[in-house]
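Some notes on the structure that comes next.
Computed from a prediction, not measured in an experiment: that's the story for all the values here. When a residue number appears, it is its place in the shown sequence, counting from 1. Counting convention: from 1, in listed order, for ligands and their atoms alike.
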Amino acid sequence: MKPDLTCEFLSLRLRNPMVLASGILGTSADLLERVARAGAGAVTAKSCGPTPRAGHPNPVAVDWEHGLINAIGLTNPGAEEEARMLAEARARLAPLGVPLIASIFAGTVKEFGDVARIIAAARPHCIEVNISCPNVADEFGTPFAASCESAAAVTEAVKRNVGDIPISVKLAPNVPSIGRIAAAAVEAGADAITAVNTMPGMLIDAEAGRPVLSNRMGGVSGPALKPIALRCVYEIARAVRVPIIGTGGITTGRDAAEMLMAGATAVGVGSAVWTRGVKAVGDIAAELAAFMAQEGYRTLAAMRGLAL
Ligand SMILES: Cc1cc2nc3c(=O)[nH]c(=O)nc-3n(C[C@H](O)[C@H](O)[C@H](O)COP(=O)(O)O)c2cc1C
């Protein structure tokens, strides 16, 4: 019997648990539609902030031996323009039955609320809240994701501004206790958690004697991130009861199964789309089905949280 890949995420029914992660191809309605047509269960747009941002100069993303490192610099068209794009994307995705997840970031708690209100007007099915960005009101520009207090403050501000649209708070892996931060976000109103964003890192060009990225430091993603992401999702699944989009280093169907076993409800794919192309998300779903058939799992529920 063919395995059943359908998945309940919040009040949404996904045809499979594979979700396009934020920042990879999610910059236009056209690209979001292409990933949906290629088999994704849901798609996430690239994060948008209050005002347009050009991002960093090249090179901004490098494929190294074990994944990617990027410092794109949160390039985005600003919330008003993004809301127009999302409204178009939502209309295009509706006949395909593929939910749309918007993604937002900001520099202050107040700005998070403002961006959330503008984006909510486009009626995405869910709003992901990227709190890995620096808090500009903090002397050291500490990311909101670094403490329970700032994660909770952003969550509350967003929740107050989105009406009935569910929110998923996206956590950073480089914190001492990610379970506590997830619990603080859920306590403050998060309906779901996305985990994780990239891990800070850097590459050095030994011949040139200088950093490879123009921004010097960047975020590590892809296979090097997988064990870190699995550990984070495992800790979050033990700390909270809300659904988790497990993200980080998922490249094959077998990786996706591991993420579900760590307690994820759905599975995000970013870097693999960069390396395997637009069909990656749908192809990983097909590989997951093949893995389930081979191992005798009929439903995702039979695998979910097995390793907890
Ligand atoms: C080029 C690139 C751009 C990204 N941009 C965003 C972004 O705008 N917002 C966000 O929340 N995450 C962003 N991410 C992080 C991914 O959504 C994801 O959390 C991370 O890459 C780990 O998943 P992966 O190993 O499957 O890539 C970006 C990642 C990459 C590689």
How far is [atom] from its nearest protein heavy atom, and which residue and atom is that?
atom	result
atom 15 (C) of ligand 1	Asn197 OD1, 3.4 Å
atom 29 (C) of ligand 1	Asn70 ND2, 3.6 Å
atom 8 (O) of ligand 1	Lys46 NZ, 2.9 Å

Q) Of all residues at least two apart in sequence or in a different chain, which pass the side-chain hydrogen bond (donor to acceptor under 3.5 Å, both in side chains) check with Asp63? A)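 So Asp63 forms no side-chain hydrogen bond (donor to acceptor under 3.5 Å, both in side chains) with any residue.
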
Q: With sequence neighbours left out, write down each residue that passes side-chain hydrogen bond (donor to acceptor under 3.5 Å, both in side chains) with Ser168, or none if nothing qualifies.
A: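 Per chain and number, Ser168 pairs via side-chain hydrogen bond (donor to acceptor under 3.5 Å, both in side chains) with Thr194.
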
(Q) One thing to verify: whether Glu80 and Arg84 come together as a salt bridge, which I'm taking to mean a side-chain N less than 4.0 angstrom from a carboxylate O. (A)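 Salt bridge: no.
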
(Q) Under a 4.0 Å threshold between the charged nitrogen and the carboxylate oxygen, would Arg37 count as salt-bridged to Glu33? (A)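 Salt bridge flag = yes for Arg37 with Glu33.
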
Q) Got Leu306 and Glu258 here, is their nearest side-chain heavy-atom distance under 4.5 Å? A)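 No, every pair of side-chain atoms sits at 4.5 Å or beyond.
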
Q) Does the side chain to side chain contact (heavy atoms under 4.5 Å, CB included) test come out yes or no for Met85 and Leu32, once each step is laid out? A) CA-CA 10 Å; Met85 187 284 278; Leu32 288 162; 4.0 Å; yes

Q: Please work out whether any backbone atom (N, CA, C, O) or any side-chain heavy atom from C-beta onward of Trp274 is under 4.0 Å from ligand 1, and answer side chain, backbone, both or neither.
A: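 Answer for Trp274: side chain.
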
Q: Of the side chain and backbone of Asn130, name the one, both, or neither that has a heavy atom under 4.0 Å from an atom of ligand 1.
A: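 It is the side chain that gets close, since no backbone atom is under 4.0 Å.
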
Hey, which atoms in ligand 1 end up nearer than 4.0 Å to a heavy atom of [X]?
X	answer
Leu225	22 (C)
Ser221	21 (O), 25 (O), 27 (O), 31 (C)
Ile24	29 (C), 30 (C)

Q: Determine, considering heavy atoms only, which of Lys170, Lys226, Glu128, Met199 sits nearest to atom 12 (N) of ligand 1.
A: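 When every heavy atom of Lys170, Lys226, Glu128, Met199 is considered, Lys170 comes closest to atom 12 (N) of ligand 1.
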
Q) Heavy-atom distance to atom 28 (C) of ligand 1: which of Gly218, Ser22, Gly270 wins? A)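 Answer by nearest heavy atom: Ser22.
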
Q. Among Asn76, Asn130, Thr75, which residue meets the side chain to side chain donor-acceptor pair (under 3.5 Å) test with Ser47?
A.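 Single side chain to side chain donor-acceptor pair (under 3.5 Å) partner of Ser47 among Asn76, Asn130, Thr75: Asn130.
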
(Q) Any heavy atom of Val196 closer to ligand 1 than 4.0 angstrom? (A)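 In this structure, Val196 qualifies as a contact of ligand 1 - some heavy atom is under 4.0 Å.
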
Q | ILVMFWY cluster, Val19 and Ile284 together (side-chain gap under 4.5 Å) | A |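 Different hydrophobic clusters.
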
Q.
Side chain or backbone, does Gly222 bring an N or O within less than 3.5 Å of an N or O on ligand 1?
A.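 There is such a contact, yes.
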
Q.
Is it the case that ligand 1 has an N or O less than 3.5 angstrom from some N or O of Ala21?
A.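 Min N/O separation from ligand 1 is not below 3.5 Å for Ala21.
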
